[in-house]
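Here is the structure we will look at, set down as structure tokens.
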Amino acid sequence: MSSVTVRHDWSREQIVALFEQPFNDLLFEAQRVHRQFFDANTVQLSQLLSIKTGACPEDCKYCPQSIRYETGLEREALMEVEDVLAAARAAKKDGATRFCMGAAWRSPKDRDIPKLKAMIGGVREMGLETCLTAGMLTTHQAQELAEGGLDYYNHNLDTSPEYYGEVITTRTYDDRLQTLEAVRHAGMKVCCGGIVGMGETRDDRAGLLEQLARLQPHPESVPINNLVQVPGTPVDGLPPVDPFEFVRTIAVARILMPASHVRLSAGREAMNDELQALCFLAGANSIFYGERLLTTENPQNAHDRALFARLGITAEAGAEGAVHTAKTCQPEAA
Ligand code: SAM
Ligand code: DTB
Ligand code: SF4
């Protein structure tokens, strides 16, 4: 069996050719790659918290938090540090190893940085990995956050460069790449992925993965979101992507970025257990855990624990070795 090397030069044609393989061949290859870099039965658990909700000036067509769409979401100011830390404590108790704080901003204001640093420092002291997603960053802001102990910054490319203009007009693809560059420059780990199901073509999905695989180094964490359709957003009501095409997207991400954690991200609430199991088989080895994403629902913890137990999956140990093993998670019904 040939060993896998980490490459940054995949062409669009090569990536499309991976997508076009028979499903079984693609999953077999993804699983082969996965096993060279990871324990195939371990999944990392990240928990999200919306620390500042709604009224975002950007026009991302998928997002319930944009002020431009009537989604019925109540706007909320930046949370208090103590409330964020209480949520992080609960997430840790439930077994999450990374706590991801999300703010509905175009970019943070410099005056917000000290409060964000206090949140980051407090979460880190609990032994959780820290992640923030708060829009575009300047080089200086990225450095400040890194000094505050931020492990990961999440900033997605969302889709291919060609389709991007159909989804967002208030910031460019290049703006996003610049923020990713600032994050890297400051020495933080990159969490960067995209969304499937916004009316894009397979070529666009290949284009997104091509851009991600071109990043040097690859993002350590690659969230693949299945669009959560929210009434009031312009993409609500689009035909959902064929579930097998979603699994293919995960498998191709795994093959292109063999050493990265590929996260089966938003959209699990609308998936059955069998589809999620196929995503794990395709090489997904991280999920958002906890009953809420940012503003929409996610599966119940008990359900996820039961699914892990049925599949013999173990949650990845955190820095302090906190684990929820398949052995300790009993299925709801044997
Ligand atoms: N405002 C910041 C930004 O956009 O850079 C951070 C928060 S934003 C909600 C983080 C990511 O969530 C987006 O880039 C997008 O990929 C994802 N997202 C937002 N709404 C979604 C939806 N309805 N379905 C799936 N993913 C979504
Ligand atoms: C990511 O790629 N997905 C997460 C996280 N990064 C911030 C957000 C998903 C949001 C889904 C819609 C919502 O709950 O508002
Ligand atoms: Fe704002 Fe982020 Fe939503 Fe875009 S994805 S509208 S930037 S919160």
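Counting convention: from 1, in listed order, for ligands and their atoms alike. Values below: every heavy atom of this structure, side chains too, minus hydrogens, waters and symmetry copies. Throughout, residue positions are numbered sequentially from 1 according to the sequence presented.
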Salt bridge check: are [X] and [Y] linked by an N-O gap of less than 4.0 Å?
| X | Y | value |
| --- | --- | --- |
| Arg89 | Glu125 | no |
| Arg124 | Asp151 | yes |
| Glu181 | Arg176 | no |
| Glu166 | Lys61 | no |
| Arg32 | Glu29 | yes |

What residue and heavy atom of the protein are closest to [atom], and at what distance?
| atom | value |
| --- | --- |
| atom 7 (S) of ligand 3 | Arg171 NH2, 3.2 Å |
| atom 27 (C) of ligand 1 | Ile195 CD1, 3.8 Å |
| atom 20 (N) of ligand 1 | Tyr62 CD1, 3.3 Å |
| atom 6 (C) of ligand 1 | Thr133 OG1, 3.1 Å |

Can you sort out which atoms of ligand 1 are near [X], meaning under 4.0 Å from one of its heavy atoms?
| X | answer |
| --- | --- |
| Leu294 | 9 (C) |
| Ala266 | 25 (C) |
| Trp105 | 1 (N), 2 (C) |

Pull up every protein N/O/S atom sitting under 2.8 Å from atom 4 (Fe) of ligand 3, skipping waters.
Cys60 SG
Heavy-atom nearest option to atom 11 (C) of ligand 1, drawn from Thr71, Asn156, Ile224
Asn156
When you compare the side chains of Glu220 and Ser260, does any donor N or O come within less than 3.5 Å of an acceptor on the partner?
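Checked: Glu220/Ser260 side chains show no N/O donor-acceptor pair below 3.5 Å.
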When rounded to the nearest 0.5 angstrom, what is the spacing between CG in Asn285 and OG in Ser221?
9.0 Å
Please lay out, stage by stage, how Gln14 and Arg7 fare under the test side-chain hydrogen bond (donor to acceptor under 3.5 Å, both in side chains).
CA-CA 12 Å; Gln14 288 172 326; Arg7 291 174 47 190; 3.2 Å; yes
Looking at atom 2 (Fe) of ligand 3, is any protein heavy atom nearer than 4.0 Å to it?
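There is no protein heavy atom less than 4.0 Å from atom 2 (Fe) of ligand 3.
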Quiz question for you: does at least one protein heavy atom lie closer than 4.0 Å to atom 8 (S) of ligand 1?
no
Applying a heavy-atom cut-off of 4.0 Å, say which part of [X] lies close to ligand 1: side chain, backbone, both or neither.
| X | value |
| --- | --- |
| His155 | side chain |
| Thr296 | neither |
| Ala103 | backbone |

Testing Lys115, Lys117, Arg111 for salt bridge (Lys or Arg N to Asp or Glu O under 4.0 Å) with Glu144, which one passes?
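So, applying the salt bridge (Lys or Arg N to Asp or Glu O under 4.0 Å) to Glu144 and each of Lys115, Lys117, Arg111, only Lys117 qualifies.
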If Ile, Leu, Val, Met, Phe, Trp and Tyr residues are connected whenever their side-chain heavy atoms lie under 4.5 Å apart, and connections chain through other members, are Val228 and Tyr289 in the same group?
no
side-chain hydrogen bond (donor to acceptor under 3.5 Å, both in side chains) partner of Arg268, the single match among Asp304, Asn225, Asp273:
Asp304
With a cut-off of 6.0 Å (strictly less than), are more than 12 heavy atoms of other residues, nucleotides or ligands near CZ of Arg75?
no
Around Phe23, counting heavy atoms of other residues, nucleotides and ligands shown, do more than 12 lie under 6.0 Å from its CZ?
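Yes, because the 6.0 Å sphere around CZ of Phe23 holds more than 12 heavy atoms from other groups.
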When you look at Thr169 and Asp59, which way does the side-chain hydrogen bond (donor to acceptor under 3.5 Å, both in side chains) test go after all the steps?
CA-CA 7 Å; Thr169 70; Asp59 71 350; 2.5 Å; yes
What I want to know is whether Asp158 and ligand 1 share at least one N or O pair that is separated by under 3.5 angstrom.
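Yes; the residue has a nitrogen or oxygen that sits under 3.5 Å from a nitrogen or oxygen of the ligand.
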Can you find an N or O of Val228 that's nearer than 3.5 Å to an N or O of ligand 1?
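So ligand 1 has an N or O lying under 3.5 Å from an N or O of Val228.
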Which residues satisfy the salt bridge (charged side-chain N to carboxylate O under 4.0 Å, His left out) test with Glu291, sequence neighbours excluded?
none
Let me have the donor-acceptor pairs involving side chains of residues 132-141, under 3.5 Å, with sequence neighbours excluded, atom names and distances please.
| residue | atom | partner | partner atom | Å |
| --- | --- | --- | --- | --- |
| Thr133 | OG1 | Asn154 | O | 2.9 |
| Thr133 | OG1 | Asn154 | OD1 | 3.1 |
| Thr138 | OG1 | Gln141 | N | 3.0 |
| Gln141 | OE1 | Thr138 | N | 3.1 |
| Gln141 | NE2 | Pro108 | O | 2.9 |
| Gln141 | NE2 | Asp110 | OD1 | 2.9 |

Any cation-pi pair here, Arg263 with Phe288, using under 6.0 Å and within 45°?
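Yes, a cation-pi geometry.
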Is Arg171 near ligand 1, meaning one of its heavy atoms is under 4.0 Å from it?
yes
Would Gly135 count as a contact residue for ligand 1, given that I'm defining contact as a non-hydrogen atom of the residue lying under 4.0 Å from a ligand atom?
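Yes, that is the case, since the closest heavy atom of the residue is under 4.0 Å from the ligand.
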What does the contact table look like for ligand 2 (nitrogen or oxygen on each side, cut-off under 3.5 Å)?
| residue | atom | partner | partner atom | Å |
| --- | --- | --- | --- | --- |
| ligand 2 | 2 (O) | Asn156 | ND2 | 2.9 |
| ligand 2 | 2 (O) | Asn225 | ND2 | 2.8 |
| ligand 2 | 3 (N) | Asn225 | OD1 | 3.0 |
| ligand 2 | 6 (N) | Asn154 | OD1 | 3.2 |
| ligand 2 | 14 (O) | Leu294 | N | 3.0 |
| ligand 2 | 14 (O) | Thr295 | N | 2.8 |
| ligand 2 | 14 (O) | Thr296 | N | 2.9 |
| ligand 2 | 14 (O) | Thr296 | OG1 | 2.8 |
| ligand 2 | 15 (O) | Thr295 | N | 3.1 |
| ligand 2 | 15 (O) | Thr295 | OG1 | 2.6 |

Which of parallel (below 30°), tilted (30 to 60°) and perpendicular (above 60°) describes His8 and His218?
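Ring orientation of His8 relative to His218: tilted.
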